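In what follows, a single structure is set out as structure tokens and then discussed.
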Amino acid sequence: QVQLVESGGGLVQAGGSLRLSCAASGRTVSNLSMGWFRQAPGKEREFVAAIRAGGGSTSYAGSVKGRFTISRDNAKNTVLVQMNSLKPEDTAVYYCAARLFLYKSDAARSSYEYWGQGTQVTVSS
């Protein structure tokens, strides 16, 4: 079993930056494909970014590409997402997710087995 705990959310002005962390237990993050999703009020949960097990190849939603960067810190067994140039439309609860199989889609919610509780990110104008 894998447990995931997100942290680092908060309130930031438009144009600012935040870094979210996802601490994993039960399995090393280098052996998991990890993703970040977000859900705004009244909207469906949507894909943000992913990093694959092993070599750590990454993928991003078009809305965040060039602004967000996903990475691993193997020593701390965490996955990070650095979020720069934040916009009000980035406001959402951000969720960390994990999966065991490389052949599944990075962006599909149904690909992931394990989920954290979420952390709130609010970007003001």
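Predicted model only: the values in this text are computed from it and were never measured.
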When rounded to the nearest 0.5 angstrom, what distance separates CH2 in W36 from CD in E46? 14.5 Å

How many angstroms lie between atom CD of Q39 and atom CD of Q120, to the nearest 0.5 angstrom? 11.0 Å

Can you tell me which residue among L20, D73, N74, I51 is in a side chain to side chain contact (heavy atoms under 4.5 Å, CB included) with V79? I51

Pairing residues for A23 by the side-chain contact (heavy atoms from CB on, under 4.5 Å) criterion, not counting sequence neighbours: T78

In one Ile/Leu/Val/Met/Phe/Trp/Tyr side-chain cluster, 4.5 Å: V48, Y114: yes

Would you name the heavy atoms of [X] and [Y] that are closest together and state the gap between them?
X	Y	answer
S125	P88	OG-CG, 3.7 Å
A40	A92	N-CB, 3.8 Å
A24	V29	CB-CG1, 3.7 Å

Under a 3.5 Å distance rule, please check whether [X] uses its side chain to pair with a backbone N or O of [Y] as donor and acceptor.
X	Y	value
R72	R52	yes
N31	T28	no
T119	Y94	no
T122	L11	no
S111	S105	yes

Any side-chain heavy-atom pair of [X] and [Y] under 4.5 Å:
X	Y	value
R67	K87	yes
E113	F101	yes
L4	M34	yes
R99	K104	yes
R27	N77	no

Could you check, using the six-membered ring where one of them is a Trp, whether W115 and F37 have ring centers closer than 6.0 angstrom? yes

Do any side-chain atoms of residues 54-64 form donor-acceptor pairs under 3.5 angstrom with protein atoms, and if so which ones, sequence neighbours left out?
| from | atom 1 | to | atom 2 | distance (Å) |
| --- | --- | --- | --- | --- |
| S59 | OG | D106 | OD2 | 3.1 |
| Y60 | OH | I70 | N | 2.9 |

Does a donor on one side chain and an acceptor on the other come within less than 3.5 Å for Q3 and S25? yes

Step through the shown structure and confirm whether more than 12 heavy atoms of other residues, nucleotides or ligands are within 6.0 Å of CD on E44. no

For L86 and L18: C-alpha separation, side-chain torsions, deciding distance, then whether side chain to side chain contact (heavy atoms under 4.5 Å, CB included) applies. CA-CA 8 Å; L86 284 163; L18 285 173; 4.2 Å; yes

Decide yes or no on side chain to side chain donor-acceptor pair (under 3.5 Å) for S17 and N84, but give the supporting numbers first. CA-CA 4 Å; S17 298; N84 298 328; 2.9 Å; yes

Axial cation check for F47 ring with R109, 6.0 Å and 45° limits: no

All pairs passing side-chain hydrogen bond (donor to acceptor under 3.5 Å, both in side chains) where residues 4-16 contributes a residue, at least two apart: Q13-S124

